[in-house]
Amino acid sequence: MTRDHQPSSPALCSLLLAILLGGPALASEIVGGRAAQPHAWPFMVSLQRRGGHFCGATLITPNFVMSAAHCVNRFDFQTVQAVLGVHNLRQREPTWQTFAIQRVFENGFDPTSLQNDIVILQLNGSATLNANVQVAQLPAQGQGVGNGTRCLAMGWGQLGTNQRIPSVLQELNVTVVTSQCRRSNVCTFVRRRRAGICFGDSGGPLVCNGVIQGIDSFIRGGCGSGLYPDAFAPVAQFANWINSIIRRHSDLPAPHPRDPASRTR
């Protein structure tokens with residue numbers, strides 16, 4: 001997290017209150033994980049402002065990425081860049097491909113309840129697919145994951161509350177749970193140790209059996225609390241909407257980004 005993304009005093013108070021009371025707080029720094037192999041997950045994207053990483057995302061076609069709606073809800077999307085082919089944030093690797101955001105597509109996001117915490121970002125160009133930059137596989141509509149499914153969460157966030165940001169991508173084995181999870185989310189838990197996602201770098205993918213089933217959204221009770229599951233936006237519930245956005249806008253001339261007819265922000 002760069003200095004620009006440190007929470008203000010009111011935001012920090014809300015954050016601490018959420019930890020103490022078990023309320024939702026924005027997520028997805030990896031706690032208790034391990035360093036991923038370089039470019040093992042070539043669909044992983046770093047969303048950046050002023051050269052600083054602030055959220056994760058997933059490449060879903062050569063010119064669209066998917067992230068959490070709350071990631072860009074606070075910002076002018078024209079200040080955001082999507083960086084593909086990243087492993088080490090602190091070294092500008094030759095594998096990097098950097099794009100501006102052309103349009104933003106949301107689907108009824110509620111910033112208070114964090115319902116529908118999904119956003120599709122259209123890039124201002126098309127990625128060159130290679131060994132380090134690949135498109136992710138998405139589920140069909142309604143083809144989600146059940147209780148007990150083993151998955152992988154990943155991100156570049158802090159290693160714990162008040163701990164440092166790692167330079168390289170982290171990954172964590174998690175298990176899907178339905179207990180203490182609302183139906184509008186996919187939730188995961190790490191049993192027998194304190195590990196999970198945390199504050200900051202939301203928007204990263206939850207990978208289950210090679211398919212992106214979730215988008216890091218929020219936590220309760222603190223980072224890797226061992227008490228509450230972590231919550232993700234369920235990609236399978238939005239598959240038809242995602243595909244409709246891609247079909248309508250991939251091959252059409254781009255209207256003005258603020259054109260209300262395109263239902264963008």
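Quick caveat, the model's predicted, so the values are computed rather than measured. Each residue takes its place number in the sequence, starting with 1.
- In the hydrophobic clustering of ILVMFWY residues, with side-chain heavy atoms under 4.5 Å counting as a link, F75 and F99 come out together.
- One distance of note links CD of Q81 with OG1 of T98; it measures 6.0 Å at 0.5 Å rounding.
- A donor-acceptor pair under 3.5 Å is absent between the side-chain atoms of Q180 and the main chain of Y228, judged by distance alone.
- The shortest side-chain heavy-atom distance between V45 and T58 does not fall under the 4.5 Å cut-off.
- Side-chain contact check for V80 versus F54: some heavy-atom pair is nearer than 4.5 Å.
- The nearest pair of heavy atoms linking N63 to S126 is CB-CA, 4.3 Å.
- Between H53 and W156, the ring planes lie perpendicular to each other; the angle is over 60°, past the 30° to 60° tilted range.
- Looking at S217 and D117, their side chains do bring a donor and an acceptor atom within 3.5 Å of each other.
- A distance-only check finds no donor-acceptor pair linking the side chain of Q134 to the backbone of N132 [under 3.5 Å].
- Enclosure of atom CD in Q37 is not indicated, since only 12 or fewer non-hydrogen atoms of other residues, nucleotides or ligands lie within 6.0 angstrom.
- For R182, the CZ atom sits in a packed shell: over 12 heavy atoms of surrounding residues, nucleotides or ligands are nearer than 6.0 Å.
- In the hydrophobic clustering of this structure, F77 groups with L84; members are Ile, Leu, Val, Met, Phe, Trp, Tyr whose side-chain heavy atoms approach within less than 4.5 Å, directly or through other members.
- Aromatic ring orientation, F43 versus W41: tilted (interplanar angle from 30° to 60°).
- In this structure, CE on M154 lies 10.0 Å from CG on L172, to the nearest 0.5 angstrom.
- For A36 against E171, the heavy-atom pair with the smallest separation is CB-OE1, 3.4 Å.
- Scanning all heavy atoms of the two residues, the minimum distance from V176 to C151 falls at CG2-SG, 3.6 Å.
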> Please walk me through it: do I245 and N107 pass side chain to side chain contact (heavy atoms under 4.5 Å, CB included)?
Replying inline: CA-CA 11 Å; I245 295 295; N107 190 351; over 6 Å; no
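- In this structure a side-chain-to-backbone donor-acceptor pair under 3.5 Å is missing from T61 to V135.
- Annotation: F105 is in aromatic contact with H249 [ring centroid separation under 6.0 Å].
- Looking at E93, its side chain does come within 3.5 Å of a backbone N or O of N88 through a donor-acceptor pair.
- In terms of heavy atoms, E106 sits closest to N73 at OE2-OD1, 4.4 Å.
- Between the Q213 side chain and the Q143 main chain, a donor and an acceptor come within less than 3.5 Å of each other.
- Side-chain contact between S67 and V72 is absent, with no heavy-atom pair separated by less than 4.5 Å.
- Under the 3.5 Å distance criterion, with hydrogens and angles disregarded, a donor-acceptor pair is assigned to the side chains of Q115 and S184.
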- Going through the distances and angles, do L114 and F109 end up as a side chain to side chain contact (heavy atoms under 4.5 Å, CB included)? CA-CA 7 Å; L114 298 179; F109 172 58; 4.0 Å; yes
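- Counting heavy atoms from C-beta outward, L152 and N173 have side chains that approach closer than 4.5 Å.
- At distances below 3.5 Å, not a single donor-acceptor pair connects side-chain atoms of Q122 with backbone N or O atoms of Q102.
- Side-chain contact check for C71 versus V119: every heavy-atom pair is 4.5 Å or farther apart.
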**Full working for side chain to side chain contact (heavy atoms under 4.5 Å, CB included) between I212 and I60** = CA-CA 10 Å; I212 310 302; I60 58 173; over 6 Å; no
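- Looking at every heavy atom in both residues, A239 comes nearest to A140 through CB-C, 3.8 Å.
- Residues I215 and W241 are members of one and the same hydrophobic cluster, defined by side-chain heavy-atom contacts under 4.5 angstrom among Ile, Leu, Val, Met, Phe, Trp and Tyr.
- Under a 3.5 Å cut-off, the side chain of N185 and the backbone N or O of F232 do form a donor-acceptor pair.
- Judged by distance alone, the side chain of T95 and the main-chain N or O of G85 form a donor-acceptor pair under 3.5 Å.
- Between I118 and M66, some side-chain heavy-atom pair lies under the 4.5 Å cut-off.
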Show every donor-acceptor pair shorter than 3.5 Å between a side-chain atom in residues 203-211 and any protein atom, with sequence neighbours excluded, or say none if there are none.
none

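- Put simply, the side chain of Q48 never gets that close to the backbone of V83: no donor and acceptor are under 3.5 Å apart.
- Side-chain contact between T188 and T175 is absent, with no heavy-atom pair separated by less than 4.5 Å.
- Shortest non-hydrogen contact noted between Q141 and N240 is OE1-N, 2.8 Å.
- Two residues are said to be in side-chain contact when any heavy atoms from C-beta on lie closer than 4.5 Å; Q97 and N130 meet this criterion.
- With rounding to the nearest 0.5 Å, the separation of CD1 in I246 from CG in L138 is 7.0 Å.
- Remark: side-chain polar atoms of N124 are paired, donor with acceptor, to backbone N or O of A100 under 3.5 angstrom.
- Considering V133, L129, L123 as possible partners of P62, the one that fulfils the side chain to side chain contact (heavy atoms under 4.5 Å, CB included) test is L129.
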